[in-house]
Structures are given as C-alpha cells and as structure tokens.
Amino acid sequence: MKNGENYNGTSRRTFLKGIAASLLLAPFLKACQQKAAALIVKLTGTNHVLGHRLWAKNFPKPSQNIQIPYLIIGGGVSGLSAARLFNKKGIDDFLILEMESHIGGNSSNGENKHSKFPLGAHYLPVPNFHDKELLQFLEEEKIITGYTANGFPVFDEQQLSFSPQERLFYKNTWQEGLVPKFGNPQAVNDEFDRFFALMEAFRTEKGPDNRYYFDIPLSVGSTDARHRHLDTISMQQWLDENDFTSPEIGTYVNYCCRDDFGLGIAYISAWAGIHYFAARKHNAGDTKDNVLTWPEGNARLAHHLKKYTQGKTLLNYLAFDIDVSDDNVIVTAFDSDKQETVTITAQKVIIATPQFVNQYLLPNRKPIAKDFNYAPWLLATLTVSHLPDDESYPLCWDNVIFNGKGLGYIYDQHQNLKQIQDKKVITWYHSFSTANNKKARKELYSKSKEYWEAFVLSDLKAAHPGIENFVEEITIHRLGHGMISPVPGFLFGASKHEAAKSIANKLYFAHTDLSGISIFEEAFHQGINAVNNLLHDTAVDT
Amino acid sequence: MVKKFLRFEVLLLLAVFTIATCGLVYELVAGTLASYLLGDSVKQFSFIIGVYLFSMGVGSYFSKFITRNLLNTFIEIEILVGVIGGLSSAVLFVLFESVYYFQFILYLLVFITGCLVGLEIPLLMNILKDRVKFRDLVSNVFTFDYIGALLASILFPLVLVPQLGIMRTSLFFGMINISIAIMLCFILKNELKKPKLLRAKAIFSFLLLVVVFIFSDSILSFSEGKLYGENIIYTHATPYQRIVLTHNKSDYRLYLNNNLQFSSQDEYRYHEALVHPVMASAKKIDNILVLGGGDGLAVREILKYNDVKHITLVDLDEGMTNLFKTNTVLSGFNKGALNNPKVTVINSDAYIWAKDCKQQFDVAIIDFPDPSNYSLGKLYSLNFYRTLQNILTPEAVVVIQTTSPYFAPKSFWCINKTIQQVLPVTDAYHAYVPSFGEWGFTIAANSPTTKFSKVRRKVSGLRFYDYDFERLNDFAKDMKANDIEINRLDNQVLVRYFDEEWGKL
C-alpha cells in the first residue's frame, strides 16, 4: 500500500525500524537456517495407484450384489450436482460411487493446524446473471443473502474474496492487479487496451438466436457457427494473426490459459482462450468481476452438495465395468476397503467420471478418449512463519509472479477475519504446459519430493528471497489428470459430441470434459443436464 | 630497485582503489539517508552526486597548493576521509530530528568528503610522477579509481545495507580506509616524515571508529529517542506491538508502533468525548463493551457512572492490558480501572470474539487503531458492524473512534456511511485534541427513537465534555466529503481513502 513515495515523519520511523531490523536479522536468520532442517515435506495426490488397476482389472470375483434404481459413478461436482437434482425431484433411491476416500473430486481440500487449503479448484467467479440455476443454488446455501431493488443478487461479504484481491510480481516489484502495467512502454499498454477492447466485443456479442457466442455453460451459447473457426487455431496463432506481438501480452494470456485450461497459448484453442475473457458477463450487480472463495476453495461448495448424498455414498469404490442389458445396467466395482468386488444392478446410471476412466468401463471408447487431453497439475501448500518480500504491495488473495514457472499462489487465510496470523499458509499452483501430457505426468510421479520442493521454492524465491528459511511444512499434491485442456478442434469436434451421447436410455454422461472447460459452473450444469435427460427419457418411456 | 618501486606503486594504487570505493560508499549512504529523511529520492540522489562530484573538483583544484610532504599529506587525508566519512552516518542519525540543520550538515559532510577524495588523486599522481611513466600513471590511477567505484555501487545495495545497515556500513568503510593508512604508515616508514606521529593519529582514528561501531545500537536507540523528541522512560515489545512511553516536563506520551496513542496532557479531551455522549444517551448502561482501548482510559471514564454493572474490554494484546494493570505509572493514568472488579479483560481478536459472543451489551465503545492497513480495515467493514449488531441490546448505543474529519474527511464519512447501513440512527461529532488535532467519532443507535442530544444521566467533574452534544455535532465545510462508498471486506475502500488522505500529509 505504501509505495515508498511518502517520506513523512512516520516513514522516517519506519526506516529506523528497518535499519534496526536489518541489524537484528543476522543472528535470527542463522537460527532459522538451522530450523529449516526440520522442514516437513509431504507428498499427496489422487489415488492413482488404485485408479491404474483399471488397466489390468485384476480384481476378485464379485461376492455381493446391490440393487438400486439410480446410480451415479463419480463423486466430483458433476456427480454431486446430479445428486442434488435427484433430491429436488423427490428421488432418493440412488447411490453414488467414489474411488477416493472422500467426495469432491477437483473440489477437495486438505487441512493443517493453521488453515484449510484447496487441493484443486479454489474459487467461483460471481455467476452470470442469467445463470438462474446456479444463483438458485447459491441462494440455498446462503452465499447469496438477498436481492437488491434492481433484482441483483447480494453476496455474503465474507464469501466474496476480500480486498486486496490480486497482485503481480512484475519488474522486481509487486503491483496491484494481474495485468502487467508498471513501467510499460506506451506501445505495450496500447496493445493491452486493444486486446481488452476486442474481448469486450466478444463478451457482448450475440448470435442470430439471441444467445451469447461465449457463455457459461458452453451449452447455452449461440448455435451459430460464426466464431467456430477460432477453435481450429491455437491462441498463439490468434494473437499472431491479430498482431499482438509484445512479450508482455503473450506472457499474460499464456498465464490465463495455463491457469484455466492447464496448457498455454501454444496448445489451447483460440476459441477457448477467448472464452476465458469473454464468457463472464459481470452483469450480476455491483460485485463486478469479484469471485467467491473460501480457505478450502471449492471444497466448500462440494461440502454443501454433500448433504444430498448422505447415507448414499460408497467411498473407496472403483467402478471398473459397465454392462448394459435390455432390462438394466450392471456395474461392477471394487471395494478397496474390504478388498472385494460387488455388482450393482441399476435401472439408470449417470457416469460422472472423466473419459480417460470411461474408456476402461465401457467397450469401444478408446478412439473417443484419445482426443481428450488432460494437463497434469501440481499444488504445493506451504506453511511459513514469515513471507519475506519487498512490501511494495500487501499480500493478496491471489499472488502471481510474472513469467514464473508456476501460476502463483493463493493466500489460504485471506478470508480469515483475524488481525494477525502466527503462520501463513499459501497454496502454489503449477500446470505442466507441454505438448506431451503423458510425459509430463510421468515426470510428476517419478520425481522425488525433494525435487518438487526445490522446484517450488526456486519459483517463489524470485519474489520472496530467503523464503526457504521460513518454510515449516510443504504438502505437494499431484493431480495426474488435473483438468480437460481444450486443444484446437476439441470443443466442436466429433469425439466430445460422441462421448456425451447417452446410451440405450440407460447411461447418461456428466463431466466437465464433456463441456471442454473445467470450471465449477460446467460441472454443476453437467449434473443437472444428465438428471434432466434421464428423467425426460424416463417420462417418455412410461 | 625495480621491485621496490613496484611495491610502492601497487600500494598507492591500492590506496586509490580503497578511497574510490569508500568515497562512493559515503556518497551512497548520504544519498540513502537523505532520500529516506527528506523524501524525493531522485532529487536527493541527484543533488548528492552533484555536490560530491563538484567538491571533488574543488579538492583537485586545491591539490596544486600542496607541494611539500606529499606522502604524509596523502596518508593524513586518507585518515581524515575515513574519520569523516565513517562517522557521517552516525552524525546524521543523531541529527535526524533537526531537519533544518540536517540538510546543511548532510551537504557539508558530502562536500568535505568529496574535497578530500578530490585531493587524493592529483596528490597521488604528483607523488608517483617521477617514478612511473606518465601514460601508465594516468591509466593505472583512473582504472583503480573507477573499478573501486563499480565495486562500491554493487556491494552497497546487495550486501552492505542488508547485512550491516546504513550506519555500520559507513563505519566499516571508515575502518577500511584508515587501515590502509595504517598499513602505509608501517610499510613506507622510511619515506615518511615523523612516521610515529602519523601512525598514532591513524591508530587513534581507527579505535574511535571501532568504539562507535560497537555502540552503534545505542546510537540508534538514542536517535530513536531524539525522534520522539522526548525522553523514553519505558519501552516494551509485545508480540503485536512496540510500546514506548516518553516523558517530557509534565507530559507523558504513549506510542504504539511509533504512533501516538495518547498524551497525558490532553487525553481527557479524547476519552471524555469518546465515552460520555453514549453513556449519557443510552437507555440502559448495565453492560458496557469496550473494543480496543487496552490502555484502560476509556474504562476509567465509564467507571465514573455508578450504575454500570459490568464492563467487558476486548483487546488483542495481553502485553498491553497487563502493562496497564500492573505498571504503576501506567495504571496511574487509568486510575487502576483495569483492576476494578466490574471489569473483565479479554485478550482476543475482537472480530472473532464478536462472532462467537452470545452476550448483548447496552453500550459499545469502539476504540480501534486507525484503518491504516487491510487487516485493521476489516474492523471497520459492513460485515463487522453486522456482527456487532448481533451483540447489541435493542436500545443499545455505539460510538466508534473514526480518525480525523479534518485530515481524512473521506475516511471519516466512509465509516459513518458504512454503519448507517446497519444501525437505524447514526450521527457524528468531533473534538479538538491538541496532540492529535481535530478528531472525530461516529455515534449510532440500534433503536430509531434514540436521541443523542438527550441527556439521561450525568457525572460531575468532567474537564471537557459538558453534555451539550449539539456543540460537538457541527461540521465545517472543510470536514465534509461527498460521494463516499461503503466499506466492505471485498472492497476495503476505507483503507484506500485513508492511505490517500494521510499519505498526502
């Protein structure tokens, strides 16, 4: 906040304090260096060992059978949203299968003695005003506390990201906001202005069917093909074609793509890249472009949805085979707790698992699945006793290092009301943006925790010199298939369309990889659409 | 013979190198101190560099008048540069408070150092001119001069200031300077006149700097004392803040993190204005809540009302409240208020405490530090006032210290407007507190029928407040502000207003 330009009486005192502090710091640093030896590094991640048993399917013979009219496979947000709608429609004879020991999928969290922290998705932007179903959900969960006279939602102040929201470490100092502004040549700033003006035009543009070209969920967007050609080129190509040449804008847009899609501008479809900037209409009142967030990230939303699955959740169950007959569906699953195999006979099944899993559950899905690209992610949650930086702008919710290896970090206690935190907990994000996701995934799982520790710290050191002396604990969380990455040709391609088709009026698919963009809103609507389609077909059936 | 010359030359070039490095370090120290103290770092650095280079020119000019005892003079100047340059930052630190002298002395020191350094190089060239070829001489002397300058400018920000701090950096380089002089005294003793005297001078100067170096911490705290302009009689660091009590004639002042908390001369004006309007207008005064105010001075005022049954004081800092319970000087200020059986002191975070609190209060007195950062800004947010409302009785009255309506009108009215969204009646008033300036308060009530001007009870013996609320309620044009936003956790607009307004001063 104080930007060093004020030199009144107070800052003279601050300066004296600084001098005194620097004199005192030397022995203190030594003590810390010794303490750093006791640093705890933990390695966590999705249960890939269990998941990879899908390759060999070396499970025991089924020893039990469960009968249930409706079954949901997958306890991520898509599956949970489906469970919510089942409840709302008065259906409570369903079960939900989850491979992990907890539900939530990418909306899961960890916790240490200082704070909860996200293990994946960590915020929900204020929804578009026309997304009534999502607004309804937020109202149910008291995240929306009322409506203004104009009908705009009023969000709970404590759940909107607190100010200051974002800062960028750019040109060796922190600045407010994520767009690099400080000390740019005029030509660069002009390019940014031109870029955002173009995005604004995409944001407001509607097709002949009076639908936005870029909207959330994607399925409500215009059916007009006017901008579809953008899906055939990469974001990098689009920038080049439109004469965006400055490295600043390239780095910024690359950051945005990596942050939302896992892969950078060289690999992401231009349509998706533009969607990032144009799909949020900021039209739901005066909260503008703020986001809803919680210390545990979107695990809070998953927790709200969890109540709809009370007593209906089978955890540590890996579904590995789906057999559709004329009368019913038989799902075979391995209960990794009891180490036994069960069959579940259901009338209708919602498959809320990603396509890289579905290819092992159903026959003939491999050709479809190969067009689905998933970027691996690594999250590192650090507990630090002190976060040394140049204090040019105060610690924010989102802190990004321009041109860093990672995607910056979230201050997990930012939404805390307390004045002072003894220890700070931050979660650092990294997506592997390469042409070869498989290779990156291999690297993710083969490298040691010491390797990743050094990797994380080397990135943070740029903005926080000496941070390694203050780190007390690091939890490294690995997500082999972090999210669907919309590469050129995928969003409007045949494979995605094919993978989403229901089968024999019995199997319905719901997952963000079927919309092509891995965000809460898409998952939420995937679940709703699956249930609506299922019930519609049921109504037609009878 | 060649060998000896070589050594002689190398030694003197080493001296040039040291002088150049040290000279630039002194200049950088001066520039840094000046920009911290006087502001506008571009201007200060520019002036310092200009004065330094100019005075080097002056020194060079005067070098032609030195014709005898060249080597002795060279070493004497080396010692002098070490002493003056080395002590410069210590002198400037001590003179911190007297800004008018400070500028003069700062530039004087820069000028003298510059002159001396400017003398050295021509002097050296004179010494060496008969021993070395002129072309080599010029090239060598200037090469070492400029390399020294580069070394200094790189070391200064990266190593010296972070490791040693400003004061020790200049002292350290003073010592290097003089140690070169000492070395020259020993090695060149055959070439020098009165080498012993020179040696004694050098060693004495060196020891002087060593002593100052050792006591640099005390000098720092002395200069901090000068900064307060009063005698520090007590300092105490709690995990949350540094408490400093100063004494000057009959006035005691308490500083928290270097911000004035109260002056014993006029704090009665502040605390009477804070406490008595709410106490007079509240329907009931059984249970009183004080948030912040760990000094117990507000509690002292509240205890003047005998009807008060219970006071709950919530302050984050246990060190602070304990100090004001146990220290005789400090508990003298609050008349032992924090030890009164009616008072419960709770040391926790006010926001978290209020969220969890199940009790309700008739009067709430909120005396938080000014919203100078985003953490403190939360305690002035809409959400905080909603939280507060949950622990108020239906007829409760609230007062909030709301910074200065004169220095920071936007901040003042922002807090007022924010609480207006939560409580049905709000108003504002202000009082003049000499040590603070014009200071303001926001008053609000949970019941729409509350009239702040209505006096339901009085105590006698007040020195400032005479229970005439209207008199404090009038705001001149220069204390008003328009188009103010509401302070919310997600916009923290108050901290931005506050920074903008107080930052201007």
Side-chain angles (χ1 to χ4, degrees), chain A residues 1-26 29 126 145 154-165 176 286-293 388 391 393-397 411 413-422 465-466, chain B residues 32-33 35-41 44 93 96-97 161-168 216-217 220-221 223-224 227-228 239-240 242 255 257-259 316 349-352 354-355 372-379 381-384 386-387 488-493 495-496 499 502-505:
Chain A
M1 190 182 68
K2 291 269 179 220
N3 50 18
E5 280 163 16
N6 303 318
Y7 294 101
N8 51 30
T10 336
S11 63
R12 212 185 311 156
R13 284 166 199 154
T14 321
F15 166 62
L16 269 178
K17 263 176 22 198
I19 302 266
S22 65
L23 290 171
L24 291 171
L25 211 61
L29 275 174
V126 165
T145 55
V154 176
F155 292 91
D156 178 14
E157 205 178 327
Q158 245 182 284
Q159 306 190 54
L160 282 169
S161 159
F162 290 179
S163 176
Q165 276 93 0
E176 185 177 9
D286 64 354
T287 39
K288 291 172 192 132
D289 51 354
N290 207 347
V291 303
L292 296 156
T293 191
E391 292 178 14
Y393 195 79
L395 182 60
C396 290
W397 169 66
Y411 174 35
Q413 293 140 307
H414 191 71
Q415 297 298 104
N416 199 305
L417 297 169
K418 270 169 82 174
Q419 290 293 299
I420 291 166
Q421 299 292 344
D422 302 336
Chain B
T32 310
L33 280 176
S35 55
Y36 273 117
L37 184 63
L38 306 169
D40 197 348
S41 53
Q44 296 305 336
F93 261 98
F96 242 9
E97 191 69 349
V161 175
Q163 292 296 327
L164 290 175
I166 301 270
M167 195 195 292
R168 286 188 181 172
S216 57
D217 274 342
L220 265 182
S221 56
S223 65
E224 201 175 358
L227 209 70
Y228 287 107
Y240 304 103
R242 183 171 154 82
Y255 295 84
N257 289 339
N258 301 323
N259 293 315
L316 182 61
D349 191 287
Y351 211 137
I352 308 294
K355 282 257 171 213
S372 58
N373 61 47
Y374 288 106
S375 286
L376 288 165
K378 292 188 235 179
L379 296 172
S381 66
L382 189 63
N383 185 274
F384 178 77
R386 292 221 164 98
T387 308
R488 300 160 48 101
L489 292 169
D490 56 295
N491 68 11
Q492 290 257 22
V493 51
V495 176
R496 293 167 201 269
D499 188 44
W502 284 97
K504 269 194 312 217
L505 297 178

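Predicted model only: the values in this text are computed from it and were never measured. Naming: A, B, ... by sequence-line order, numbering from 1 per chain.
To the nearest 0.5 Å, atoms CG (Leu376(B)) and CD (Gln419(A)) are separated by 5.0 Å. Between the CZ atom of Arg488(B) and the CG atom of Asn290(A) there is a distance of 9.0 Å, given to the nearest 0.5 Å. To the nearest 0.5 Å, atoms OH (Tyr374(B)) and CG (Leu395(A)) are separated by 12.0 Å.
Across all their heavy atoms, Ser163(A) and Arg496(B) have their closest contact at OG-NH2, 3.1 Å. Closest approach of Glu157(A) and Ser381(B) over heavy atoms only: OE2-CB, 3.7 Å.
Side-chain contact check for Leu160(A) versus Leu489(B): every heavy-atom pair is 4.5 Å or farther apart. Side-chain contact between Gln158(A) and Lys355(B): present, with at least one pair of heavy atoms (C-beta onward) separated by less than 4.5 Å. At least one side-chain heavy atom of Asn416(A) sits less than 4.5 Å from a side-chain heavy atom of Ile352(B).
Listed options Asn491(B), Asn383(B), Thr387(B), Val493(B) were ranked by heavy-atom pairs under 4.5 angstrom with chain A; first place goes to Asn383(B).
Residue Asp422(A): no heavy atom, backbone or side chain, is found under 4.5 Å from chain B. Of the two parts of Gln165(A), only the side chain, counted from C-beta on, holds a non-hydrogen atom closer than 4.5 Å to a non-hydrogen atom of chain B.
The backbone N or O of Lys418(A) sits less than 3.5 Å from a side-chain atom of Lys378(B), completing a donor-acceptor pair.
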